[in-house]
Asks: 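Below are the structure tokens for one structure; questions will follow.
Keep in mind that what you see is a predicted model, and the values were worked out from it rather than measured. Below, all heavy atoms of this structure are taken into account, side chains as well, without hydrogens, waters or symmetry copies. By convention in this document, chain letters (A, B, ...) are assigned in the order of the sequence lines, proteins followed by strands, and residues within each chain are numbered from 1.
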There are 2 protein chains.
Amino acid sequence: MHSCKEHVEKEEKIIQNIPDDDNILSLSELFKIFGDPTRIRIIYCIYKKKMCVCEIAESINMSHSSVSHQLKTLKQARLVKSQKEGKEVYYSLNDEHVEKIFSLGLEHIKEM
Amino acid sequence: MHSCKEHVEKEEKIIQNIPDDDNILSLSELFKIFGDPTRIRIIYCIYKKKMCVCEIAESINMSHSSVSHQLKTLKQARLVKSQKEGKEVYYSLNDEHVEKIFSLGLEHIKEM
DNA sequence: TTCATATATGAATATGTATTCATATATTCA
DNA sequence: TGAATATATGAATACATATTCATATATGAA
């Protein structure tokens, strides 16, 4: 056969198929957001209807502070949006892809 | 209106829509795997054809050791499979969902 | 067998991050 | 105005993890 080094030279075009650094980083950042159980739970909470921080915290049994921090993360990633109503701030999903990405993920783990 | 506490009592059914802990954890573990740029690059490498550790390392310009560690992670998550050929070990994708999850992710970041 | 190459892996290090704690701001109500 | 409630946030802590380094194993070639 041939050595590994020869392989790499012959297959250099593969490198061109890899998205550029910006896309790689954006993509991994996006998935990193979904890679935390608390954030998954929060997203499920507001999946069907908007909820305020207090409701979310009670529902998933986490501290208000922790939920607030994670909501900030989710908002910076533009996956949720917020809407102030009096004392309360209501959060809801901001992206139609979230549902699809979730269902694919669930499909995957159910087949494993 | 009504207080936040009243809200939570009225909406208790929302909790039932949240998948159980096992599924939440499996889902976040799955996305966590995709949440690292090195692993994303590796997956792109072996997206179309199997590659050995050495080829992957050269392609993404990472140390063999680092790539090997990450391949172990990917294999434990059952996203890649390996196949020994002589001195070399070839890795390839092990899941038809990966492609779909990636395309959705790319769709998302391109619209942001 | 000896050497070179390919891969794997435990340990150490460095970095990132989730949660908690204390505190600040804002709103509503008495 | 003062008290209670809802949310936000900086700092500290605790924990997870990506990479490196050193080393081990395995295969093939000389």
Asks: When you match A:Thr73 and A:Glu85 each to their closest nucleotide on DNA chain C, which lands nearer the 5' end?
Replies: A:Thr73
Asks: With sequence neighbours left out, write down each residue that passes ring-ring contact (aromatic ring centres under 6.0 Å, His included) with A:Phe31, or none if nothing qualifies.
Replies: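 ring-ring contact (aromatic ring centres under 6.0 Å, His included) check on A:Phe31 returns B:Phe34.
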Asks: Can you list every pair that meets salt bridge (charged side-chain N to carboxylate O under 4.0 Å, His left out) and has a residue in residues 74-86 of chain A, with sequence neighbours left out?
Replies: A:Lys50-A:Glu85
Asks: Using a 3.5 Å distance criterion without hydrogens, assess whether the side chain of A:Ser68 forms a donor-acceptor pair with backbone atoms of A:His64.
Replies: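 Here the side-chain-to-backbone pair does not exist.
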Asks: Check the distance between D:dT5's P and A:Glu55's CD and give it to me in whole angstrom.
Replies: 17 Å
Asks: Counting a pair only when it is Watson-Crick or G-U and both distances are under 3.5 Å, which runs of at least 3 such pairs involve DNA chain D?
Replies: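 Only these stems qualify: C:1-30 with D:1-30.
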Asks: Between the protein and nucleotides 23-27 of chain C, which nitrogen or oxygen pairs are less than 3.5 angstrom apart?
Replies:
from, atom 1, to, atom 2, distance (Å)
C:dA26, O3', A:Lys84, NZ, 3.4

Asks: Would you give me the side-chain donor-acceptor pairs under 3.5 Å for residues 98-106 of chain A, sequence neighbours excluded?
Replies:
from, atom 1, to, atom 2, distance (Å)
A:Glu99, OE2, A:Tyr47, OH, 3.2
A:Ser103, OG, A:Glu99, O, 2.5
A:Ser103, OG, A:Lys100, O, 3.4

Asks: With A:Lys32, which residues qualify under side-chain contact (heavy atoms from CB on, under 4.5 Å), at least two apart?
Replies: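 Expected list: A:Glu29.
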Asks: Who are the side chain to side chain donor-acceptor pair (under 3.5 Å) partners of A:Asp21, not counting sequence neighbours?
Replies: B:Arg41
Asks: Mind running side-chain contact (heavy atoms from CB on, under 4.5 Å) on B:Leu71 and B:Ile56 for me, showing each step along the way?
Replies: CA-CA 10 Å; B:Leu71 282 168; B:Ile56 298 169; 4.2 Å; yes
Asks: For A:Lys87, give me all partners under side-chain contact (heavy atoms from CB on, under 4.5 Å), at least two apart in sequence or on another chain.
Replies: none
Asks: Nearest-nucleotide wise, let me know which of B:Ser68 and A:Ser63 is further upstream toward the 5' end of DNA chain C.
Replies: B:Ser68
Asks: Using atom NE2 of B:His64 as one end and atom P of C:dA8 as the other, report the distance to the nearest whole Å.
Replies: 12 Å
Asks: Would you mind reading off the distance between A:Asn61 atom CG and C:dT19 atom P, rounded to a whole angstrom?
Replies: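 A:Asn61 atom CG is separated from C:dT19 atom P by 12 Å.
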Asks: Could you pull out all residues at least two apart from B:His69 that satisfy side-chain contact (heavy atoms from CB on, under 4.5 Å)?
Replies: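 With neighbours one apart ignored, the set is B:Ser65.
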Asks: A:Lys72 has a side chain; which of C:dA8, C:dT19, D:dT9 sits nearest to it?
Replies: D:dT9
Asks: Taking only residues two or more places apart in sequence or in another chain, which ones pass side chain to side chain donor-acceptor pair (under 3.5 Å) with A:Asp36?
Replies: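 Side chain to side chain donor-acceptor pair (under 3.5 Å) list for A:Asp36, sorted by chain: empty.
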Asks: Check nucleotides 11-17 of chain C against the protein and report each pair of N or O atoms closer than 3.5 Å, with its distance, or say if there are none.
Replies:
none

Asks: Taking side-chain contact (heavy atoms from CB on, under 4.5 Å) as the test, write out the residues that go with A:Lys72, two or more places apart.
Replies: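 Per chain and number, A:Lys72 pairs via side-chain contact (heavy atoms from CB on, under 4.5 Å) with A:Gln76.
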Asks: Across the strands shown, which category fits B:Thr38 at heavy-atom distances under 4.0 angstrom: base, sugar-phosphate, nothing?
Replies: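 Since only primed, P, OP1 and OP2 atoms lie under 4.0 Å of B:Thr38, the category is sugar-phosphate.
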